[in-house]
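Here the structure is laid out as structure tokens; the discussion comes afterwards.
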Amino acid sequence: MKRFLLLLLFCLPAWGAQAQSALPALDLAALHPLAKQVFLPVFGLYLLCSFVLSAVTLVLNYLLKRQIIAAGVSESVVERLLPSPQDEQNKVVKWVALLLSSGAGLSVCAWFGPLGLHSVIILLFSTALGFLAYYLFLRRQTK
């Protein structure tokens, strides 16, 4: 019963949104300043927060590993508890693949005229290709 009420609660705004008129035409000239004022600061904040979180994680893992070794636990147990350097390398490869594919997508968008819906499709497709390359890299690495 509780799930049904929650589902109904989440569906009501969508039902109310259908009652509104059709969507207005997308104005790309108005979208560009919005992207500069909203999306770029949010993206920069996300990158900053993820960097700080990664740095804190590395320091805490180092301190935990030091305390475990000082407690006299065997090294094999320590290696199983903490992430391996291979995991960190895989994260780096993932970010490189993602950034390279996004850069290639932005380059293709710059070559093909004004920004529009096709630019979003090109960026999504290039990002998907980056994730596919990362997946193939991981698959090849496990063999």
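Keep in mind it's a predicted model, so treat the numbers as computed, not measured.
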Co-membership, hydrophobic cluster, residues [X] and [Y], 4.5 Å side-chain:
{"X": "Val56", "Y": "Leu64", "result": "no"}
{"X": "Tyr62", "Y": "Val59", "result": "yes"}
{"X": "Val108", "Y": "Leu117", "result": "no"}

Side-chain donor-acceptor distances from residues 122-130 under 3.5 Å, at least two apart:
residue: Ser126; atom: OG; partner: Ser101; partner atom: O; Å: 3.2
residue: Ser126; atom: OG; partner: Ile122; partner atom: O; Å: 3.2
residue: Ser126; atom: OG; partner: Leu123; partner atom: O; Å: 2.9
residue: Thr127; atom: OG1; partner: Leu123; partner atom: O; Å: 2.7

Using 0.5 Å steps for rounding, measure from the CG atom of Leu106 to the CG atom of Leu99.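 Going from CG on Leu106 over to CG on Leu99, the span is 10.5 Å.
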Point-to-point distance, once rounded to the nearest 0.5 Å, from CG of Leu40 to CG of Leu45: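 If we round to the nearest 0.5 Å, Leu40:CG and Leu45:CG are 12.5 Å apart.
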Side-chain hydrophobic cluster, 4.5 Å single linkage: members besides Val93: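 ILVMFWY cluster around Val93 also holds Tyr134, Phe137, Leu138.
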